[in-house]
**Student:** 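Please read through the structure below; I'll follow up with questions.
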Protein chains: 2
Amino acid sequence: MRVQSRVLDAVEHDLKKAGFPPLAWYDALFELSRAPRGELRPVELERQMLIPQYSTSRLIERLVDEGLAMRRECPVDKRGQFVEITEAGRELQKRMWGAYAAAIELHVGSKLSDGDAVKLCALLDRLGCSCEETSPSAKDAAPAR
Amino acid sequence: MRVQSRVLDAVEHDLKKAGFPPLAWYDALFELSRAPRGELRPVELERQMLIPQYSTSRLIERLVDEGLAMRRECPVDKRGQFVEITEAGRELQKRMWGAYAAAIELHVGSKLSDGDAVKLCALLDRLGCSCEETSPSAKDAAPAR
DNA sequence: ATGCATTGAATGCATCTGCATCAACATTGA
DNA sequence: TCAATGTTGATGCAGATGCATTCAATGCAT
């Protein structure tokens, strides 16, 4: 817990210092940019990012407000919608990646050999899976971040 | 990042389900309870918990409001103060530890052998130290959690 | 001693979160 | 067909957080 918060804070701090929006924006833009046609249902974005539903809704709202994404309605399910990344969004995502990658290298990469990184991933993976055993209802699954 | 947020959320979720306050309260009560005479300067608490100053200030405020801790003034430095844990505070800390320990065992302990845990700690330790190299000023050190 | 930077703690304000709920649509099943 | 149930997404509201600033007390250098 201590290490994670230190590293994450350091990375977010670097990003902010470079004048960029929070990491969550990057995550969202990244997921959108690599989606089939640059678009995703909010529900899918939510699942990718491990954040609660209302949080997704508001994140999208902000991205749209900033012109980084746009909503389009879903033809097959009229209560749903698609969120599509704009050119500006793709551009910001790429620019942020510069700072983000540098921060990762500085705070993580430079401190771990490739082999160590692999070992670390393997160990962490054991903690990651099957989190719902506490409660039968999937509704209870905790949101993330 | 993904694993940490999943595990932490699961633990916090279990704690809340058992009717307990957030983990940060536990952390603070724990630090206080193991301090020399059950008391700590806010600044020290801040350093132990890796949270920003204003956050400590408000956390203490809540603990005091709930009768879990009490403020006393510091004789040697009149702008400072001491925060001392109360009996109720010690008791809550102990009761929370029951649920907390169970959650840790469920979400972490049961998924990792002792040897793996040691390896994991060793790997994480390499990421943890020397975080201030980005900026010469210590003021810039990022807060945590 | 006096001016000046530093430290310890609190707080006003804007923003963000979490929770519960809502409204609209979709699906199922009798 | 129609009621019950489930999904999708938004939102009002209370509480939490982050930021910058404040104020008082302290240390320090001249």
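Predicted model only: the values in this text are computed from it and were never measured. Proteins get letters first, then strands, A, B, ... in listed order; numbering begins at 1 in each.
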**Student:** For the side chain of B/Arg58, starting at C-beta, report the closest nucleotide among C/dA9, D/dA10, D/dC19.
**Tutor:** D/dC19

**Student:** Given C/dA24, C/dA10, C/dC19, which nucleotide is nearest the side-chain atoms of B/Arg71?
**Tutor:** C/dA10

**Student:** Partner of C/dA30 by Watson-Crick or G-U wobble geometry, both contacts under 3.5 Å, or none?
**Tutor:**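 Here C/dA30 is engaged in a pair, and the nucleotide opposite it is D/dT1.
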
**Student:** Roughly, in whole Å, what's the span from CD1 in B/Ile60 to P in C/dT11?
**Tutor:**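 To the nearest whole Å, that distance equals 12 Å.
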
**Student:** Between C/dA9, D/dC19, D/dA25, spot the one nearest the side chain of B/Lys78, thanks.
**Tutor:**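 Of all the options, the side chain of B/Lys78 is nearest to D/dA25.
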
**Student:** Expressed as a whole number of angstroms, how long is the span from B/Glu73:CD to C/dA10:P?
**Tutor:**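 It works out to 13 Å between those atoms.
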
**Student:** Could you tell me the separation between the CG atom of A/Leu50 and the P atom of C/dG18, rounded to a whole number of Å?
**Tutor:**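 In whole Å, C/dG18 P lies 13 Å from A/Leu50 CG.
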
**Student:** Looking at B/Asp77 and B/Arg79, is any side-chain nitrogen of the basic one under 4.0 Å from a carboxylate oxygen of the acidic one?
**Tutor:**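 Result for this pair is yes, salt bridge flagged.
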
**Student:** If I take atom CZ from residue B/Arg126 and atom NZ from residue A/Lys111, how far apart are they, to the nearest 0.5 angstrom?
**Tutor:** 12.0 Å

**Student:** For the pair made of CG in B/Asp77 and C1' in D/dG27, what is the distance, rounded to whole Å?
**Tutor:**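 These atoms are roughly 10 Å apart.
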
**Student:** In whole Å, what is the span from the CD atom of A/Glu66 to the P atom of C/dT15?
**Tutor:**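 For the pair A/Glu66 CD and C/dT15 P, the rounded distance is 12 Å.
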
**Student:** In whole Å, what is the span from the CD atom of A/Glu61 to the P atom of C/dT15?
**Tutor:**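 Atom CD in A/Glu61 sits about 13 Å away from atom P in C/dT15.
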
**Student:** In terms of relative ring orientation, are B/Tyr100 and B/Trp97 parallel, tilted or perpendicular, with 30° and 60° separating the classes?
**Tutor:** perpendicular

**Student:** Of the nucleotides D/dG6, C/dC13, D/dG9, which has the atom closest to the A/Arg79 side chain?
**Tutor:**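 Among D/dG6, C/dC13, D/dG9, the one nearest the side chain of A/Arg79 is D/dG6.
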
**Student:** Might you confirm whether atom CG of A/Asp65 has over 12 heavy atoms from other residues, nucleotides or ligands at distances under 6.0 Å?
**Tutor:**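 For A/Asp65, atom CG is crowded (more than 12 foreign heavy atoms under 6.0 Å).
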
**Student:** If you measure from CD on A/Glu31 to CD on A/Gln93, what distance do you get to the nearest 0.5 Å?
**Tutor:** 10.0 Å

**Student:** Quick check: on DNA chain C, is the nucleotide nearest A/Pro75 upstream (toward 5') of the one nearest A/Ser55, or the reverse? Name the residue that is more 5'.
**Tutor:** A/Ser55

**Student:** Nearest whole angstrom, please: distance from the P of D/dG18 to the CD of B/Glu46.
**Tutor:** 13 Å

**Student:** Starting at CD1 of B/Ile51 and ending at P of C/dG8, how long is that distance when rounded to a whole Å?
**Tutor:** 15 Å

**Student:** Counting side-chain heavy atoms from C-beta on, which of C/dA26, D/dG18, C/dC16 comes nearest to B/Tyr54?
**Tutor:** D/dG18

**Student:** Can you find a side chain N or O atom of A/Gln53 that sits less than 4.0 Å from OP1 or OP2 on C/dG18?
**Tutor:** no

**Student:** Go nucleotide by nucleotide along DNA chain D from the 5' end; which of A/Lys16 and A/Arg41 gets its closest nucleotide reached first?
**Tutor:**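 Between the two, 5'-proximity favours A/Arg41.
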
